[in-house]
Visitor: 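Have a look at the structure that comes next, please.
Here is the naming used below: chain letters follow the sequence lines, and residue numbers restart at 1 for every chain.
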Amino acid sequence: MTAPTPPRLRFAPSPTGYLHVGGARTALFNWLLARKTGGTFLLRIEDTDKARSTDDSTRAIFEGLTWLGLDWDEEVVFQGANLERHRADAARMLASGAVYRCFCTSEELTKRREEAEARKEAFKYDRRCDLLPPAEVQRRVSAGEPHVLRFRVPAGETAWDDLVHGVITFPNKDIEDFVILRSDATPIYNHAVVSDDIAMGVTLVMRGDDHISNTPKQILLYQALGATLPRFGHLPMIHGTDGKKLSKRHGATAVGDYQHLGILPQAMVNFLALLGWSPGGDFDEVMSLEQLIEAFSTDGLLRKASVFDPKKLEWMNGQHLSRLPLEALEPRVTPLLIAAGLATADDLAARRDWYFTLLDLLRVRSRLVDDIVRQAGPYFRDTIEYDADAVAKQWKEPAVVRPLLAATRETLAALPDWAPATMEEALRALAEAQGVGGGKIFQPLRVALTGLGVSPGIFDVMVALGRARTLQRIADAEALLGTMG
RNA sequence: GGCCCCAUCGUCUAUCGGUUAGGACGGCACCCUUUCAAGGUGCAGAGACGGGUUCGAUUCCCGUUGGGGCUACCA
C-alpha cells in the first residue's frame, strides 16, 4: 500500500448564467473533500462558448463562491486562454490517427438526424468521412474546405469505477464518433475539458450526474492522449419540488437569490451539504463549515437525486441565526439596518453592547436575516407605526386601556431602577391592584411601545427602549387613545 | 426511440441480512407563556410491484413499473 496522494479537484462552471445551487453544491463537495484530505481545489471558468459566456456570470460565480466561503487554491484558469493547447492536442490525435477529418456540414447532419427521427431510428454518425480516400481528404483540405475533427471511437466498451456509483460501463457502439474540434478550430466541450484537466493535473473529477454520458468520451480522449486517467465521481442532481431538474421556474435557483432573501452562507452550505450526502448514523444536522469538513467523506455520498426544500432551508437558517456568535452575525445585519435607514454605522458602533443585546432578542424570532431588520424599527425610530390589527385587538376599549396605560406609566416612572425583575414585580402588583390579569397590562403596553401585536418579552423591550423612550411612548399612546375614545 | 443513472414517511435521510424500520423538515395536538418565536412532549406518515437467493430480506440478484439525465460543429 502506498500512502494516498491528496487529490487535485476542480470546479469548472461555464459562465452562462448565475451560480446555480446545483453548481454550488458540486463546488462544495469538491471543496470539502480537498479541505478534508489536504488536497487542492481548483477553479476553472469554461468560457469556450463565447456567445453565451458573460463577464457578469463570471463575476457572479466568484462572488457566489466567496460568499459561501469556498476558496480556491490556485489562480483561476480560463478555458478560453488554452485554445492553442486544445488545438495542439487535437493535432496530436490527428497525427496518431485517433481522430479524422469530417467534411459533413451541420446542415447536412441536422437533415440526416431529422430523417432518422422520422423513421424512428436512433441517429448516429455513419463515419462516411472516415471512409474517404486519403487523396480526396488531402485535396479537400488543400482546397480549404471547412471540416471538423471527429474522434474515431474504437470497438469494445468503456468503463470506470465511479466514486459514487461503482462500475459504470458503456458499450462503445453506443458512442458516436463525436466532434472534438469545430470547423473554426475551436474545441468542443469534452475535448477542452480533458485537455485542461490533464494540464491542471486533476486527479478526481467530481461533477453532476448529468455528465455521466460524457465520461466514456472523455476516457477515450485521455487514452488517445496517453494521459493517466483521473478518478470520476458523479453527484446526484438537485430537483425542484415537482421532481424535475431544478430550473428558473422553480423560483430562486441562484445562490445570489438566497443571499438577497436573507439566507446566511453558513446555512446555505449546511443545507446543500446534506442534499446528496450524509455523515451516516445519528447526527446534529446543524453544522458549521468546520464540522462539515470534519465529517465529510465520499462514503456518505448518495446516488439518488434530492428535492430542494426551501422550507427546510429556512429552518436551517433560523438555526444558524440563533447559534452564530453575535460577532459573526452582526456584519450580516448591520448593512441591512443601515440600508433600511434605521441606523448609521457610527451609531451602532457607539452602542455596541446595546445593539448586540437587541440582536440577540430579535434573532430568536427570525428565520431570515431580513426578519431581524423587519422587527428592529421600534428600537431605532423616534416614532412608531401602529399595526391596525394589533390596535383593533389590544386597544379595543380605549376608555379602559387608557387609564391602565397611565397607571402603568406612573408605576414605571416611579421605579428605583430599570431592571426587568423590578418592572415585572411592580406591574404584576399593579395588575392585581386593578383586578386584572397581567395580560391586560402587558398586551396594550406592547402595542404602545412597539405598535405591534408581537415582540420580544415586554420587559426586554422596555430595557432595549430605555426608560425615557418607554415613558414617552406610553404617553403618546395615551394621547392617541384619547382621540379614539 | 436509443443509451445511462436512480427508487425507505409529502421532503431530506438512518439502516451496511435479523430493528416495534430511527431521526430531521413540514403538518397536527399539548406543555411552557404577557404576545410571537424558540424550546419540550406526543400523534399521523415509508421500504413501488413481481420473482428469485437465504432459516430470514428495505438490505443481495433478475425483471416490471415509475422518475431522472444524456442523445449538437452547447456546456
Side-chain angles (χ1 to χ4, degrees), chain A residues 12-16 46-49 51-53 79 102 104-106 109-110 113 116-117 119-124 146-150 162 165 168-171 173-176 178-184 186-190 192-193 208-216 234 236-237 239 241 243-245 271 274-286 299 302-309 311-316 318-319 322 362-367 371 375 390 393-394 424 427-428 431 437-443 445-447 450 452-459:
Chain A
S14 53
T16 54
E46 310 219 314
D47 54 353
T48 51
D49 184 349
R52 293 200 294 158
S53 301
Q79 193 160 62
C102 171
C104 301
T105 65
S106 40
L109 260 9
T110 305
R113 230 184 312 268
E117 193 168 339
R119 276 180 270 121
K120 292 190 190 297
E121 284 171 17
F123 177 80
K124 199 179 128 193
H147 59 275
V148 301
L149 254 31
R150 270 187 198 275
D162 195 274
H165 293 276
I168 297 180
T169 308
F170 280 78
K173 66 174 175 53
D174 293 326
I175 307 170
E176 87 169 344
F178 55 96
V179 174
I180 65 158
L181 206 66
R182 300 186 182 92
S183 51
D184 66 357
T186 58
I188 282 295
Y189 172 74
N190 283 125
V193 165
D209 240 340
D210 48 345
H211 285 288
I212 286 182
S213 52
N214 283 321
T215 303
H234 290 89
M237 303 271 82
H239 288 168
T241 7
K244 301 267 193 279
K245 190 175 178 178
F271 175 73
L274 262 16
L275 235 42
W277 172 76
S278 167
D282 288 330
F283 62 98
D284 185 352
E285 292 192 32
V286 183
D299 295 344
L302 281 335
R303 289 175 297 273
K304 195 183 73 157
S306 46
V307 175
F308 189 95
D309 180 6
K311 279 270 178 43
K312 185 151 186 178
L313 208 210
E314 280 194 17
W315 167 80
M316 186 71 84
Q319 293 297 313
S322 293
L362 301 184
R363 67 172 172 174
V364 189
R365 314 124 263 252
S366 302
R367 291 212 144 187
D371 291 338
Q375 300 175 72
K393 187 173 180 193
Q394 306 300 346
E424 178 157 13
L427 291 187
R428 289 211 185 272
K440 285 277 185 264
I441 302 274
F442 303 139
Q443 286 303 92
L445 177 58
R446 186 187 317 283
V447 177
T450 66
L452 306 170
V454 304
S455 81
I458 198 69
F459 308 113

Visitor: Check the distance between B/C3's P and A/E121's CD and give it to me in whole angstrom.
Guide: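 Taking CD of A/E121 and P of B/C3, I get 14 Å after rounding.
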Visitor: Check every strand shown and say whether A/I212 touches a base, only sugar-phosphate, or nothing at a heavy-atom separation below 4.0 Å.
Guide: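 Answer is sugar-phosphate: A/I212 comes under 4.0 Å of backbone atoms only.
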Visitor: Please report, rounded to the nearest Å, how far the P atom of B/U34 is from the CD1 atom of A/I441.
Guide: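 A/I441 atom CD1 is separated from B/U34 atom P by 13 Å.
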Visitor: Just to verify, what does A/S366 make a side-chain hydrogen bond (donor to acceptor under 3.5 Å, both in side chains) with, not counting sequence neighbours?
Guide: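 Result, side-chain hydrogen bond (donor to acceptor under 3.5 Å, both in side chains) vs A/S366: A/Q375.
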Visitor: When you measure from the side chain of A/R150 to the backbone of A/I180, do you find a donor-acceptor pair of N or O atoms at a distance under 3.5 Å?
Guide: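 Between the backbone of A/I180 and the side chain of A/R150 there is no qualifying donor-acceptor contact (under 3.5 Å).
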Visitor: Could you tell me the separation between the CD atom of A/Q443 and the C1' atom of B/U33, rounded to a whole number of Å?
Guide: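 That distance rounds to 11 Å.
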Visitor: With A/T215, which residues qualify under side-chain contact (heavy atoms from CB on, under 4.5 Å), at least two apart?
Guide: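 side-chain contact (heavy atoms from CB on, under 4.5 Å) list for A/T215, sorted by chain: A/W160, A/R207, A/I219, A/F232, A/H234.
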Visitor: Do you know which two heavy atoms are closest between A/T16 and A/S53, and how far apart they sit?
Guide: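 In terms of heavy atoms, the two residues are closest at CG2-N, 4.2 Å.
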Visitor: Would you indicate what A/K244 reaches in the nucleic acid, counting non-hydrogen atoms under 4.0 angstrom: base, sugar-phosphate, or nothing?
Guide: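 Contact class for A/K244: sugar-phosphate only.
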Visitor: Could you tell me how far B/C49 sits from B/U58 if I compare only their P atoms? Round to whole Å.
Guide: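 These two P atoms come out 10 Å apart once rounded.
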Visitor: Any strand counts, and the cut-off is 3.5 Å on both contacts for Watson-Crick or G-U wobble. Which nucleotide pairs with B/G27?
Guide: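 Pairing partner, where one exists within any strand: B/C43.
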Visitor: Ignoring hydrogens and geometry beyond distance, is a side-chain donor-acceptor pair present between A/R446 and A/T450 at under 3.5 Å?
Guide: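 No, A/T450 and A/R446 have no side-chain donor paired with an acceptor closer than 3.5 Å.
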Visitor: In Å and rounded to the nearest 0.5 Å, what is the CG to OG distance from A/D174 to A/S213?
Guide: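 Between atom CG of A/D174 and atom OG of A/S213 there are 11.5 Å.
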Visitor: Using a heavy-atom cut-off of 4.0 Å across all strands, would you classify A/H239 as base, sugar-phosphate, or nothing?
Guide: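 It contacts sugar-phosphate atoms only.
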Visitor: Under 4.0 angstrom, heavy atoms only, what part of the nucleic acid is A/P236 near: base, sugar-phosphate, or nothing?
Guide: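 Here A/P236 touches no strand at all.
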Visitor: Can you give one letter per nucleotide of nucleotides 7-16 of chain B, 5' to 3': B if a protein heavy atom sits under 4.0 Å from the base, S if only from the sugar-phosphate, - if neither?
Guide: SS--SBSS--
Visitor: A/P15 and A/E46: which non-hydrogen atoms are nearest, and at how many Å?
Guide: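 Minimum heavy-atom contact is CD-O, 3.3 Å.
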Visitor: Nearest heavy-atom pair of A/I212 and A/H165: which atoms, and what distance?
Guide: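 Answer, listing the atom of A/I212 first, then A/H165: CD1-NE2, 4.1 Å.
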Visitor: If the C1' atom of B/U64 is compared with that of B/C30, how far apart are they to the nearest Å?
Guide: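 Nearest-Å result for B/U64 against B/C30 at atom C1': 46 Å.
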Visitor: Let me check something: any side-chain donor-acceptor pairs from residues 275-285 of chain A under 3.5 Å, sequence neighbours excluded? List them with distances.
Guide:
residue : atom : partner : partner atom : Å
A/W277  : NE1  : A/S297  : O            : 3.1
A/S278  : OG   : A/G280  : N            : 3.1
A/D284  : OD1  : A/V286  : N            : 3.0
A/D284  : OD2  : A/R323  : NH1          : 3.2
A/E285  : OE1  : A/K312  : NZ           : 2.9

Visitor: Please report the distance, rounded to the nearest Å, between NZ in A/K120 and P in B/G1.
Guide: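 In whole Å, B/G1 P lies 9 Å from A/K120 NZ.
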Visitor: Of A/K173 and A/G243, whose closest RNA chain B nucleotide lies nearer the 5' terminus?
Guide: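 Comparing both residues, the 5'-ward one is A/K173.
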Visitor: For nucleotides 70-75 of chain B, just jot down a letter per nucleotide in 5' to 3' order: B, S or -, based on protein non-hydrogen atoms under 4.0 Å.
Guide: S-SBBB
Visitor: What is the pairing partner of B/C60, taking Watson-Crick or G-U wobble pairs with both distances under 3.5 Å in any strand?
Guide: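 The base-pairing partner of B/C60, which may sit in any strand shown, is B/G52.
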Visitor: When you look at A/V193 and A/N214, which way does the side-chain contact (heavy atoms from CB on, under 4.5 Å) test go after all the steps?
Guide: CA-CA 10 Å; A/V193 165; A/N214 283 321; over 6 Å; no
Visitor: What distance separates A/K304 NZ from A/D209 CG, expressed to the nearest 0.5 Å?
Guide: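 CG of A/D209 is found 13.0 Å from NZ of A/K304.
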Visitor: Write down the protein N/O and nucleotide N/O pairs, taken from nucleotides 38-43 of chain B, whose separation is under 3.5 Å; answer none if there are no such pairs.
Guide:
residue : atom : partner : partner atom : Å
B/G39   : OP1  : A/Q319  : NE2          : 3.2

Visitor: With a 3.5 Å limit on both atom pairs, tell me what B/A37 is paired to, counting Watson-Crick and G-U wobble, or say none.
Guide: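 Because no pair has both required distances under 3.5 Å, B/A37 counts as unpaired.
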Visitor: Nearest whole angstrom, please: distance from the P of B/U35 to the CZ of A/R446.
Guide: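 The answer, rounded to whole Å, is 8 Å.
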Visitor: A/F170 CZ to B/C5 P: how many Å, rounded?
Guide: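 Value for this atom pair: 6 Å.
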Visitor: Tell which nucleotide pairs with B/C3, taking only Watson-Crick or G-U wobble pairs whose two distances are both under 3.5 angstrom.
Guide: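 B/G69 - that is the nucleotide pairing with B/C3, both distances being under 3.5 Å.
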Visitor: With a sphere of 6.0 Å drawn around NZ of A/K440, does it hold more than 12 non-hydrogen atoms of other residues, nucleotides or ligands?
Guide: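 It does not: A/K440 NZ has 12 such atoms or fewer within range.
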Visitor: So for atom CD, which belongs to A/E121, do other residues, nucleotides or ligands contribute more than 12 heavy atoms lying within a distance under 6.0 Å?
Guide: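 Atom CD in A/E121 is packed in, count exceeds 12.
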Visitor: With both distances under 3.5 Å as the test, what is the Watson-Crick or G-U wobble partner of B/U19?
Guide: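 Answer to the pairing question: none, since B/U19 forms no Watson-Crick or G-U pair.
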